[in-house]
**Q** 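The structure is given below, and queries will be raised subsequently.
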2 protein chains.
Amino acid sequence: MPSTTRESGSRSRTRRAILDAAIALLATRPQASLAEVADAAGVGRSTLHRYFPERTELLSAVVEDSMAQLTAAVAAAELDRGTPAQGLRRIIHTYFELSPVLLVLFGEHLIDTRKDLVGDLDELDAPVFALLERGQREGYFDAEVSKEWLNRVLWAVVYVGIDATAEGTMTRHAALESITRTLEHGMLARPGA
Amino acid sequence: MPSTTRESGSRSRTRRAILDAAIALLATRPQASLAEVADAAGVGRSTLHRYFPERTELLSAVVEDSMAQLTAAVAAAELDRGTPAQGLRRIIHTYFELSPVLLVLFGEHLIDTRKDLVGDLDELDAPVFALLERGQREGYFDAEVSKEWLNRVLWAVVYVGIDATAEGTMTRHAALESITRTLEHGMLARPGA
DNA sequence: GCACTTTGGGACACTCATGTCCCACAAATG
DNA sequence: CATTTGTGGGACATGAGTGTCCCAAAGTGC
C-alpha cells in the first residue's frame with residue numbers, strides 16, 4: 001500500500017483550500033487565529049480542526065507545503081543553465097512570484113516550528129548557492145563576500161520589492177526592474193569608479 | 001523649561017528600565033507578554049501596569065522613544081556634511097548600531113499602532129532622503145531608481161547584516177564590511193561591465 | 001435511493017494574557 | 001524619625017484563542 005493513502009477527492013480539495021488560505025493569511029498576519037484561517041478558507045472551524053487537530057500541526061503543514069512549492073519553483077528555474085547573469089534574473093523572478101510562500105517561510109521565523117526541516121532548507125537553497133558559487137568562479141558575482149551573504153542580500157532586496165508592491169507604492173513591473181538594477185549595480189551610479 | 005512635570009528620579013529611572021527592556025525584547029519577540037517585559041525590566045508586573053496601564057500605551061511609548069532615539073542618531077550623523085560617499089558610510093553605521101530600535105520600529109509593523117506618528121516618520125527620514133537626493137544630483141547615487149527605493153534597500157541590507165550578526169554567522173565587523181561593499185557594488189564583481 | 005463520508009455549528013472546558021484592586025514592605029524625602 | 005512615594009506580590013474578574021465532543025444536514029459514491 002502506498003504510504004500515501006487514498007484521499008477522497010473532496011478531502012484533498014479541502015486540505016488544499018485550508019493550506020492556501022493559511023499561507024496567504026499567515027504571510028501578512030502570522031498571529032492570525034484559527035477562526036480567521038477557517039473563515040478565509042471557507043470552511044468551518046471544526047473542519048479545520050478535523051484536518052489539523054492542533055495549531056502546530058497546521059503550521060507544520062504550511063511550512064512543508066511552502067518548502068515543496070519553493071523547491072519546485074527553484075528547480076523549474078534551471079539555475080544551472082545559461083550564464084550566471086541569466087540565472088540571477090531567473091531566480092529574482094522566481095522569488096518575486098512566490099512572495100506569499102517566501103513571506104510565510106522566512107518573514108516570520110515560522111520555519112523555527114519545524115527544526116527538523118531546517119536541514120532540508122540548505123538542500124532547497126543548494127541550486128541558488130551553486131549558481132552564486134559558479135558566478136563567483138567565473139568572475140561574475142562579487143567574490144569578496146560569501147555566497148551565503150549574497151543569498152541573503154538577494155532575498156532581502158526582493159523582499160523590498162514585494163513590500164513596496166504590497167503597499168501600492170510601485171507596480172510589480174517597476175519593482176522587478178528596481179530589484180534587478182539594485183542587485184546588479186548597488187546603490188551607486190557608477191560603482192567601482 | 002520642561003513642561004514635563006517633576007518626576008522623582010526613581011520614577012524616571014524605572015520608566016527607562018521598562019522602556020529599554022521592552023525595546024530589547026520586542027525587537028526579537030513582538031508578541032512577548034507583559035509579564036515577560038516586566039521580568040526583563042526587573043520590575044513587578046503591577047509596577048509595569050502602574051506606568052503603562054494598557055499594553056497599547058506601552059507600545060505607544062516604545063514607538064515614541066524609538067523614534068526619538070533614531071532622530072537623535074540620524075541628526076548626529078550630520079548627513080549634510082562631507083561627500084555623499086562619506087554620508088552613506090555614516091548612515092550605515094548609524095542604522096547598524098541602532099539595530100534594536102530599528103527592529104522594533106519597522107521589523108514588526110509596530111509603528112502601525114500609532115498612525116499619528118507616521119507623519120513624523122517622514123520628518124525623521126528627511127536627512128537620509130536629502131543625502132540620497134543630493135548624491136543622485138551629484139551623480140554619486142543611482143538616479144535610475146527613486147530615493148525611496150534607495151532608502152528601503154539601505155535599510156534592508158543593513159538588516160541582513162544585523163540578522164547575520166544576531167545569529168552568530170558573522171562578526172559585527174565583517175557584517176559592516178559586507179553591508180558597505182554590497183550597497184556600493186551590488187552583487188556583481190564588476191558592475192556595469 | 002441508500003449507505004457512507006464530510007461538513008458546519010453549537011456547547012463546553014481549559015489555558016493564558018490582560019487589567020484591576022488591595023495591602024504590606026521598602027525606599028526616598030523632609 | 002515620620003511621612004510620602006514607590007514597589008512587589010497575591011487575588012480576582014474578564015476575554016480571546018484553543019481544543020474536544022456531538023449531532024443534524026449536506027454531499028458523495030455505489
Side-chain angles (χ1 to χ4, degrees), chain A residues 1-2 4-65 104 108-110 112-114, chain B residues 2 4-63 65 104 108-110 112-114:
Chain A
M1 63 275 14
T4 66
T5 30
R6 38 206 102 309
E7 258 193 343
S8 82
S10 73
R11 268 199 79 82
S12 71
R13 247 184 297 111
T14 303
R15 190 187 152 88
R16 259 264 59 84
I18 293 176
L19 243 28
D20 288 341
I23 291 178
L25 199 57
L26 297 178
T28 53
R29 306 232 331 282
Q31 78 289 9
S33 75
L34 295 185
E36 290 176 282
V37 174
D39 215 45
V43 303
R45 197 167 71 88
S46 37
T47 299
L48 194 156
H49 272 292
R50 210 167 279 128
Y51 283 78
F52 306 99
E54 299 192 6
R55 184 178 231 276
T56 56
E57 296 186 39
L58 173 61
L59 270 347
S60 262
V62 163
V63 169
E64 280 183 22
D65 193 74
V104 99
E108 304 294 349
H109 302 292
L110 215 156
D112 298 345
T113 53
R114 283 291 299 273
Chain B
T4 64
T5 37
R6 57 260 134 71
E7 250 194 348
S8 83
S10 75
R11 268 199 78 82
S12 71
R13 246 184 297 111
T14 302
R15 189 187 152 86
R16 261 261 59 85
I18 294 176
L19 242 29
D20 289 340
I23 291 178
L25 200 55
L26 297 179
T28 52
R29 306 233 333 281
Q31 77 288 11
S33 75
L34 295 185
E36 289 176 284
V37 174
D39 214 46
V43 304
R45 199 169 69 91
S46 36
T47 300
L48 193 158
H49 269 105
R50 209 168 279 126
Y51 283 78
F52 306 98
E54 300 192 5
R55 185 178 231 276
T56 57
E57 296 186 41
L58 173 61
L59 268 355
S60 260
V62 163
V63 169
D65 192 74
V104 98
E108 306 294 348
H109 302 292
L110 215 154
D112 298 345
T113 54
R114 283 292 298 274

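Since the structure is predicted, the reported quantities are computational estimates derived from the model, not experimental observations. Every heavy atom of this structure was used, including side-chain atoms; hydrogens, water molecules and symmetry mates were not.
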**Q** Report the distance from atom CG of B:Asp39 to atom C1' of D:dT7, rounded to the nearest whole Å.
**A**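 Rounded to the whole Å, the gap is 15 Å.
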**Q** For A:Glu57, give me all partners under side-chain hydrogen bond (donor to acceptor under 3.5 Å, both in side chains), at least two apart in sequence or on another chain.
**A**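 side-chain hydrogen bond (donor to acceptor under 3.5 Å, both in side chains) check on A:Glu57 returns nothing, list empty.
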**Q** With a cut-off of less than 4.0 Å, is there a side-chain N or O of A:Tyr51 near OP1 or OP2 of C:dT6?
**A**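 Checking A:Tyr51 against C:dT6: no side-chain N or O falls below 4.0 Å of OP1 or OP2.
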**Q** Through what angle, rounded to 10 degrees, does the axis of the helix from C:dG1-D:dC30 to C:dG30-D:dC1 turn between its ends, using five pairs per end?
**A**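 Taking the rotation axis at each end, their angle is 30°.
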**Q** Please report, to 0.1 Å, the donor-acceptor pairs under 3.5 Å made by any side chain of residues 17-30 of chain A, with sequence neighbours excluded.
**A**
residue, atom, partner, partner atom, Å
A:Asp20, OD1, A:Arg16, NE, 3.3
A:Asp20, OD1, A:Arg16, NH2, 2.9
A:Thr28, OG1, A:Leu25, O, 3.2
A:Arg29, NH1, A:Glu36, OE2, 3.4
A:Arg29, NH2, A:Glu36, OE1, 3.2
A:Arg29, NH2, A:Glu36, OE2, 2.8

**Q** Produce a footprint string for nucleotides 8-30 of chain D: one letter per nucleotide, 5' end first; B if the base is under 4.0 Å from any protein heavy atom, S if only the sugar-phosphate is, - if neither.
**A** BB-------SBBB----------
**Q** Looking at every non-hydrogen atom in both residues, tell me the closest pair between A:Arg15 and A:Ala61 and how far apart they are.
**A**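 Shortest heavy-atom contact: NH2-CB, 4.3 Å.
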**Q** From A:Tyr51 OH over to A:Leu58 CG, what is the distance, rounded to the nearest 0.5 angstrom?
**A**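 CG of A:Leu58 is found 13.5 Å from OH of A:Tyr51.
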**Q** Return all side-chain donor-acceptor pairs below 3.5 angstrom for residues 41-50 of chain B, not counting sequence neighbours, or 'none' if the list is empty.
**A**
residue, atom, partner, partner atom, Å
B:His49, ND1, B:Arg45, O, 3.4

